[in-house]
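Have a look at the structure below, then the notes.
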Amino acid sequence: QVQVVESGGGSVQAGGSLRLSCTASGSIIGINSMGWYRQAPGKQRELVATITGGGTTTYADSVKDRFKVSRDNARNTVYLQMSTLKPEDTAVYYCNAEIYSLSRTAWRIYWGQGTQVTVSS
């Protein structure tokens with residue numbers, strides 16, 4: 001059984017910062033890419049940032065220079081440091097991870113349950 005759990009969401013004023021964390025646990029043999037997505041009310045889920053096992057990162061244009069994704073491979077954890085937050089960053093943020101597990105013996109994408117980020121003006 002594999003679980004992916006996010007934490008660190010909350011409410012902040014525009015211009016503020018938040019750090020999200022996401023940890024994968026269970027019968028994990030390996031983790032490839034990990035990433036963050038978000039979904040605002042009435043909108044589709046969109047990519048925020050991803051990071052490979054080797055540390056290569058990608059970002060949505062809307063968050064470049066404001067957000068930073070990083071990971072701790074020893075802890076199976078990915079982080080999203082969000083700075084200079086804007087009201088349009090308000091959304092539920094989801095973590096995902098491409099995991100090879102002992103139970104599945106195959107690579108599979110796992111999603112967390114999401115964490116709310118609210119930015120007020």
Side-chain angles (χ1 to χ4, degrees):
Q1 187 82 8
V2 173
Q3 285 188 317
V4 175
V5 179
E6 304 101 334
S7 62
S11 297
V12 66
Q13 288 191 327
S17 300
L18 281 174
R19 189 175 87 149
L20 306 182
S21 300
C22 169
T23 299
S25 61
S27 55
I28 297 170
I29 296 175
I31 302 178
N32 194 6
S33 180
M34 302 183 83
W36 291 95
Y37 292 72
R38 67 186 182 186
Q39 187 166 19
K43 295 188 177 181
Q44 289 189 331
R45 191 173 297 189
E46 63 176 4
L47 169 74
V48 176
T50 64
I51 183 168
T52 66
T56 300
T57 58
T58 60
Y59 294 92
D61 287 343
S62 60
V63 305
K64 278 181 182 177
D65 300 324
R66 298 189 300 123
F67 290 10
K68 182 178 180 181
V69 63
S70 60
R71 65 190 281 174
D72 183 337
N73 291 329
R75 289 182 169 82
N76 292 341
T77 298
V78 62
Y79 304 97
L80 185 68
Q81 178 66 48
M82 305 184 292
S83 303
T84 318
L85 282 160
K86 303 176 181 180
E88 50 262 45
D89 294 318
T90 295
V92 177
Y93 283 69
Y94 297 90
C95 168
N96 82 354
E98 186 180 15
I99 295 172
Y100 196 99
S101 69
L102 186 61
S103 58
R104 295 269 180 169
T105 60
W107 290 99
R108 182 192 170 193
I109 300 293
Y110 290 84
W111 289 89
Q113 81 288 352
T115 185
Q116 177 70 45
V117 172
T118 302
V119 184
S120 58
S121 57

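- Criterion: ILVMFWY side-chain heavy atoms under 4.5 Å apart, direct or through other members. Under it, Y79 and I51 are not part of a common hydrophobic cluster.
- Contacts classified as disulfide (SG to SG under 2.5 Å) and involving residues 7-111 (residues at least two apart or in different chains) are given here: C22-C95.
- Contacts classified as salt bridge (Lys or Arg N to Asp or Glu O under 4.0 Å) and involving residues 47-64 (residues at least two apart or in different chains) are given here: D61-K64.
- Counting heavy-atom neighbours within 6.0 Å of R45 CZ, excluding the residue itself, gives a total above 12.
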Could you tabulate the donor-acceptor pairs under 3.5 Å formed by side-chain atoms of residues 52-60, not counting sequence neighbours?
unit_1: T52; atom_1: OG1; unit_2: G54; atom_2: N; d: 3.3
unit_1: T52; atom_1: OG1; unit_2: G55; atom_2: N; d: 3.3
unit_1: T52; atom_1: OG1; unit_2: T56; atom_2: N; d: 3.0
unit_1: T58; atom_1: OG1; unit_2: T50; atom_2: OG1; d: 2.4
unit_1: Y59; atom_1: OH; unit_2: V69; atom_2: N; d: 2.9

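- Going from atom CZ of F67 over to atom OG of S17 covers 9.5 Å, rounded to the nearest 0.5 Å.
- Separating the CE atom in M34 from the CG atom in N73 is a distance of 8.5 Å, to the nearest 0.5 Å.
- Here A24 pairs with V4, I28, I31, N76, I99 under the side-chain contact (heavy atoms from CB on, under 4.5 Å) rule; sequence neighbours left out.
- Under the side-chain contact (heavy atoms from CB on, under 4.5 Å) criterion, E46 pairs with R38, not counting sequence neighbours.
- Sorted by first then second residue, the ring pair (Phe, Tyr, Trp, His ring centres under 6.0 Å) pairs that include residues 2-21, not counting sequence neighbours, number zero.
- Sorted pairs that involve residues 48-86 and meet disulfide (SG to SG under 2.5 Å), not counting sequence neighbours, are lacking altogether.
- Both Y37 and V92 belong to a single network of hydrophobic side chains, linked directly or stepwise wherever heavy atoms of I, L, V, M, F, W or Y lie under 4.5 Å apart.
- Residues passing the side chain to side chain donor-acceptor pair (under 3.5 Å) test with S11, sequence neighbours excluded: none.
- Here the straight-line distance linking atom OG of S21 with atom CZ of R71 works out to 14.0 Å at 0.5 Å rounding.
- Qualifying side chain to side chain donor-acceptor pair (under 3.5 Å) partners for R19, counting only residues two or more places apart in sequence or in other chains: none.
- Separating the CH2 atom in W36 from the CG atom in N96 is a distance of 10.0 Å, to the nearest 0.5 Å.
- Residues passing the salt bridge (charged side-chain N to carboxylate O under 4.0 Å, His left out) test with R66 are D89, sequence neighbours excluded.
- Applying the disulfide (SG to SG under 2.5 Å) definition to pairs two or more places apart or across chains, none involves residues 38-67.
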Please table the atom pairs, donor to acceptor, closer than 3.5 Å between any side-chain atom in residues 106-121 and protein atoms at least two apart or in another chain.
unit_1: Q113; atom_1: NE2; unit_2: E6; atom_2: OE1; d: 3.4
unit_1: T115; atom_1: OG1; unit_2: G9; atom_2: N; d: 3.2
unit_1: Q116; atom_1: NE2; unit_2: A91; atom_2: O; d: 3.4
unit_1: Q116; atom_1: NE2; unit_2: T118; atom_2: OG1; d: 3.3

